[in-house]
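Worksheet: the structure to be examined is printed underneath.
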Amino acid sequence: MPSLTLPECGHYISPPATKEDLEFADLAIIDLSKAHTPEGRAELYPQLRDALRTYGFVYAVNHGYNQAQRDRIFDIADVPFAVVPPDEMKTYTANIEKVGYYAGFKGRQFWKVDTENHILDQIEHYGINKDVTKRPHPQALRPFLPEVDAFIRHNHFNVVHPILRLIALSLELPEETLVDKHNFDGTAETCARFMKYYRRTKEEEEKSKNVWLKGHTDVGSITVLWSQPVGGLQIQAPDGRWKWVRHIDNALVINTGDMMDFFSGGYYKPTIHRVVQPPEDQRNYDRLGVFYFSMPDDNVRLLPYVESPVLQNVGIQRRCPDEDAPLCVTWRKGRTTTYGRSDLKKGMENNIEEEVIEGIVVKHYN
């Protein structure tokens with residue numbers, strides 16, 4: 001009989017939610033439990049469509065994990081940073097610029113946050129491919145891999161796939177259209193990622209204007225953030241202002257990325273978001289985050305669904321000619337190897353820097 005006793009793990013104590021009077025984004029909340037029936041999906045997809053086309057972000061509740069399961073994942077998420085010794089961290093640090101994916105550790109001071117003032121990030125993260133056996137892991141994390149595997153599968157099948165079905169319905173496509181391009185056993189760099197944002201010096205905050213991660217869009221198709229108590233995430237609202245994302249206990253914060261922009265012909269544009277210094281009453285805490293970054297299979301070409309009646313009606317906005325559309329693997333490598341590392345050029349718009357990936361302009365927002 002397998003043991004029902006879980007391996008011991010230090011407990012991550014969530015800081016209290018901020019009481020600061022902040023300008024929060026008014027994000028919609030969808031009940032993901034309704035996605036299990038045709039009637040529920042018919043009710044949900046207009047809600048999701050309107051939310052993603054307004055703010056690009058949406059909350060999801062009733063996703064299948066209870067508060068205790070969520071808390072346990074945050075306990076495990078802190079293990080790579082709180083338990084793994086520095087020397088072992090180096091052993092499992094990814095050569096991101098060479099391989100073009102986030103797997104293993106990314107150390108602090110790797111990304112450029114403010115090129116002009118030479119400010120680098122203070123973020124550590126640890127990435128785990130959806131196939132947890134694909135790459136080796138530090139000794140301290142190995143006892144928890146069965147739980148991480150279950151968590152990854154939960155995200156993939158009970159969160160991402162239902163969202164993809166709703167998006168397909170919103171485009172009047174067969175329900176499995178997008179799911180078929182996100183195979184769990186397919187070759188892709190879909191991953192769970194644990195991230196820890198460390199407090200910075202007063203000088204760093206002043207020079208970077210309190211920005212911890214500059215405005216950007218995500219590389220993949222769907223990003224799932226398990227709502228984190230320490231604030232800092234901001235999205236660029238339709239009016240151009242930055243608005244905070246409020247923490248909701250055991251909720252998911254879901255957004256689309258570049259690859260969904262390609263698939264939907266601009267119908268679902270990825271929302272620009274950034275991370276800034278937490279609110280004043282949370283500045284004595286480091287910020288722990290748990291994410292699931294979903295990408296289509298590597299060999300999928302990023303072409304718009306021209307057969308969609310919805311896209312035919314509203315018009316397709318291509319980021320490049322169809323014959324130049326990159327493969328998922330190509331786009332992922334291009335974005336990942338240069339992110340936070342390349343020297344960006346100032347764009348025509350104010351406070352915007354640009355780079356070119358596969359002949360396509362990618363914007364970064366300060």
Side-chain angles (χ1 to χ4, degrees), residues 25 27-36 44-45 47-48 51-52 55-67 69-74 76-77 101-103 125-132 147-168 178-179 181-184 188-196 213 216-230 232-233 235 245-261 263 268 270-271 273 275 287-296 328 332:
L27 302 182
I29 302 174
I30 64 168
D31 182 349
L32 210 52
S33 67
K34 294 181 178 180
H36 301 306
L44 284 184
Y45 86 75
Q47 298 175 20
L48 180 67
L52 292 180
Y55 275 109
F57 276 66
V58 65
Y59 292 110
V61 297
N62 298 327
H63 44 74
Y65 258 37
N66 60 34
Q67 186 70 42
Q69 289 172 300
R70 176 266 179 206
D71 291 349
R72 173 70 175 179
I73 287 299
F74 270 74
I76 294 171
Y101 53 75
Y102 296 116
H125 66 59
Y126 189 81
I128 304 174
N129 186 273
K130 57 185 170 62
D131 176 3
V132 300
E147 292 174 85
V148 173
D149 178 62
F151 174 72
I152 285 173
R153 290 172 184 272
H154 174 72
N155 279 272
H156 200 91
F157 293 109
N158 300 330
V159 179
V160 171
H161 276 189
I163 292 293
L164 292 174
R165 291 187 182 101
L166 295 176
I167 290 176
L178 288 163
V179 168
K181 295 189 184 301
H182 293 74
N183 294 291
F184 189 79
E189 287 302 330
T190 292
C191 69
R193 196 182 306 165
F194 306 143
M195 301 181 70
K196 197 162 189 177
L213 199 59
H216 64 283
T217 59
D218 288 343
V219 177
S221 52
I222 302 291
T223 298
V224 180
L225 161 67
W226 289 68
S227 187
Q228 54 200 128
V230 179
L233 177 61
I235 64 175
V245 174
R246 187 191 304 274
H247 169 63
I248 298 178
D249 282 340
N250 199 29
L252 309 178
V253 182
I254 295 173
N255 65 281
T256 56
D258 291 347
M259 294 182 184
M260 191 59 70
D261 185 26
F263 286 146
Y268 289 115
T271 290
H273 53 288
V275 178
R287 187 171 180 267
L288 183 66
V290 174
F291 300 78
Y292 190 70
F293 290 97
S294 176
M295 298 189 189
C328 288
R332 184 246 305 156

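Because the structure is predicted, anything quoted here is derived from the model rather than measured.
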Is the backbone N or O of [Y] less than 3.5 Å from a side-chain atom of [X], with the two atoms forming a donor-acceptor pair by type?
X: Asp218; Y: Gly220; value: no
X: Gln47; Y: Leu44; value: no
X: Asn129; Y: Ala188; value: yes
X: Asp258; Y: Pro270; value: no
X: His154; Y: His63; value: yes

[X] to [Y] - nearest heavy-atom pair and separation:
X: Met259; Y: Pro296; result: SD-CD, 3.3 Å
X: Leu178; Y: Ala168; result: CD1-N, 4.1 Å
X: Val230; Y: Arg287; result: O-NE, 2.9 Å
X: Ala251; Y: Tyr59; result: CB-CD2, 4.4 Å
X: Leu52; Y: Phe57; result: CD2-N, 4.3 Å
X: Tyr102; Y: Arg193; result: CD1-NH2, 3.1 Å

Euclidean distance, [Y] [atom2] relative to [X] [atom1], rounded to 0.5 Å:
X: Ile73; Y: Ile76; atom1: CD1; atom2: CD1; result: 4.5 Å
X: Phe263; Y: Tyr268; atom1: CZ; atom2: OH; result: 14.5 Å
X: Glu147; Y: Arg72; atom1: CD; atom2: CZ; result: 4.0 Å
X: Asn250; Y: Ser227; atom1: CG; atom2: OG; result: 9.0 Å
X: Leu32; Y: Ile163; atom1: CG; atom2: CD1; result: 5.0 Å
X: Thr223; Y: Leu252; atom1: OG1; atom2: CG; result: 12.0 Å

* With side chain to side chain contact (heavy atoms under 4.5 Å, CB included) as the test, would you mind laying out the steps for His125 and Lys196 before giving the verdict? => CA-CA 6 Å; His125 66 59; Lys196 197 162 189 177; over 6 Å; no
For the residue pair [X] and [Y], establish whether any side-chain heavy-atom pair is separated by less than 4.5 Å.
X: Gln228; Y: Leu288; result: no
X: Ile254; Y: Ile30; result: no
X: Ile248; Y: Val253; result: no
X: Ile222; Y: Met260; result: yes
X: Thr190; Y: Tyr292; result: yes

* Mind checking whether His156 and Phe184 have parallel, tilted or perpendicular rings, split at 30° and 60°? -> perpendicular
* Please work out whether the ring planes of Trp226 and Phe151 are parallel, tilted or perpendicular, with thresholds of 30° and 60°. => tilted
* Asked: Does the side chain of Ser221 come under 3.5 Å of the side chain of His182 through a donor N or O and an acceptor N or O?
  -> yes
* **Thr271 and Asn255: side chain donor to acceptor below 3.5 Å** =>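 Checked: Thr271/Asn255 side chains show no N/O donor-acceptor pair below 3.5 Å.
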* Asked: Which pairs with one or both residues in residues 151-160 pass salt bridge (charged side-chain N to carboxylate O under 4.0 Å, His left out), sequence neighbours excluded?
  ->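 Passing the test, one end in residues 151-160: Asp149-Arg153.
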* Asked: In chain order, what residues pass the salt bridge (Lys or Arg N to Asp or Glu O under 4.0 Å) check against Asp261, with sequence neighbours excluded?
  ->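 Applying salt bridge (Lys or Arg N to Asp or Glu O under 4.0 Å) to Asp261 gives Arg319.
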* Asked: What pairs with Arg246 under salt bridge (Lys or Arg N to Asp or Glu O under 4.0 Å), at least two apart in sequence or on another chain?
  -> none
* With ring centroids as reference points, do Phe293 and Phe291 lie under 6.0 angstrom apart? -> yes
